[in-house]
2 protein chains.
Amino acid sequence: MIEIDGIDAKLLRALARDANQSAGALGRRLGLSQPATWRRIRRLEETGVIRGRQLRLDAEKLGFGVTVFLGVKLALRGRVSLEDFERAVSAIPEVQTVEHVLGLYDYRLRVVARDLADFERVLRRRIMTLPGAGDVEANVLLSEERLPGPL
Amino acid sequence: MIEIDGIDAKLLRALARDANQSAGALGRRLGLSQPATWRRIRRLEETGVIRGRQLRLDAEKLGFGVTVFLGVKLALRGRVSLEDFERAVSAIPEVQTVEHVLGLYDYRLRVVARDLADFERVLRRRIMTLPGAGDVEANVLLSEERLPGPL
DNA sequence: ATTGAAATTTTGTTGAG
DNA sequence: CTCAACAAAATTTCAAT
């Protein structure tokens, strides 16, 4: 287990709000020097607690006005391997996230499309033809809020 | 509508993989100077195409071994406002994401917990007591893959 | 083991052509 | 856009606790 003290937790909370603050600015707020702060951040990266930094894009401004969450239940389980399904679904450009889950569905997909007509095309020609895809449930995203989470 | 040319698209694709590459390194790979690359990135930020940079944390290494997606159907629709529900759910520390969706469910939540026993506590004492919460469906995350997406 | 001060290197930022 | 200059941040070195 990796040691996360109170200062590390504060650093992670601050960086979770805005990931491009400088080590100097962060350290000043916590009463720590710039190199000390920087070394802590690098240690969190090296130990894998911080896996990286991700760009947060505005899908609408890029022309993708529709985001849909799909719950997919596999039919033919045993005949088609999970690997086949995952490889096929990963090749669909409109799919942003593939989550293998346990419960009523086997996979959850986050899919973007330019509009509903475009989404119908993706659904009919890409999703429904996936190897082993059975029941599919859809939820259209209206709004989304990301919270700090625990820690 | 904001103009996104081929170079911008390449920048976004490269930054989506790793958001802390320097403008200089990116420019070299695309045959651009460092200031030119940097100005393009800043323009994408100013126009809101890039909303920011987010930390990608390893929940397991932070002691949160369980991630669950909850689909929540509201009962008492009309009696309790969506705002009440959203305010209450946003105050639960274990909730990472709140998605208002259209379909079989009204809300989708991403919830983390230390283990299944901890998740049961969150479910019983936090989720089930939410104002207006009706049916709840759960999917436990096994593995997750983020893809580049379109563009 | 972790820190802070100073030195060095790299990157971000602005202005001129 | 490039080029050149400058400001700020990252990264290393090192002495001290």
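Side chains are part of it too, since the values below use all heavy atoms of this structure and drop only hydrogens, waters and symmetry mates. Naming: A, B, ... by sequence-line order, numbering from 1 per chain.
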Could you give the [atom1]-to-[atom2] distance, from [X] to [N], as a whole number of Å?
X: D18(B); N: dT11(C); atom1: CG; atom2: P; value: 13 Å
X: Q21(B); N: dG12(C); atom1: CD; atom2: C1'; value: 16 Å
X: R28(B); N: dT10(C); atom1: CZ; atom2: P; value: 11 Å
X: I7(A); N: dA1(C); atom1: CD1; atom2: P; value: 17 Å
X: L15(B); N: dG12(C); atom1: CG; atom2: P; value: 10 Å

Comparing G31(B) and G24(A) on DNA chain D - which has the more 5′ nearest nucleotide:
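This one resolves to G31(B).
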Pairwise 5' ranking along DNA chain D for R39(B) and R39(A), keeping only the more 5' one
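Taking each residue's closest nucleotide, the earlier one in sequence belongs to R39(B).
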Cationic tip of R110(B) within the cone over F69(B)'s six-membered ring, i.e. under 6.0 Å and within 45° of the normal?
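The answer is no; the distance or angle limit is not met.
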Within the supplied structure, the quantity of interest is the number of heavy atoms (other residues, nucleotides, ligands) at a distance under 6.0 Å from E46(B) CD; does it exceed 12?
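More than 12 heavy atoms, drawn from other residues, nucleotides or ligands, come within 6.0 Å of this atom.
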Main-chain N/O of D18(A) paired to Q21(A) side chain as donor or acceptor, under 3.5 Å
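Yes; at least one donor-acceptor contact below 3.5 Å.
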Phosphate contact ([N] OP1 or OP2) by [X] side-chain N/O below 4.0 Å:
X: Q34(B); N: dT11(C); answer: no
X: R42(A); N: dT12(D); answer: yes
X: W38(B); N: dG12(C); answer: no
X: R43(A); N: dT2(C); answer: no

Any base atoms under 4.0 Å from S33(A), or only sugar-phosphate, or nothing? Heavy atoms, all strands.
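The residue S33(A) makes base contact.
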Which of these nucleotides, dT14(C), dT12(D), dA9(D), is closest to any side-chain atom of S22(A)?
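Comparing dT14(C), dT12(D), dA9(D) against the side chain of S22(A), the answer is dA9(D).
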P35(B) side chain, from C-beta outward: closest of dA10(D), dT14(C), dG4(C):
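Ranking dA10(D), dT14(C), dG4(C) by closest atom to the P35(B) side chain puts dT14(C) first.
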Assess whether side-chain contact (heavy atoms from CB on, under 4.5 Å) is satisfied between D106(B) and V101(B), documenting all intermediate values.
CA-CA 5 Å; D106(B) 296 307; V101(B) 293; 6.0 Å; no
Does the side chain of Q54(B) come under 3.5 Å of the side chain of R17(A) through a donor N or O and an acceptor N or O?
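No, no side-chain donor-acceptor contact under 3.5 Å.
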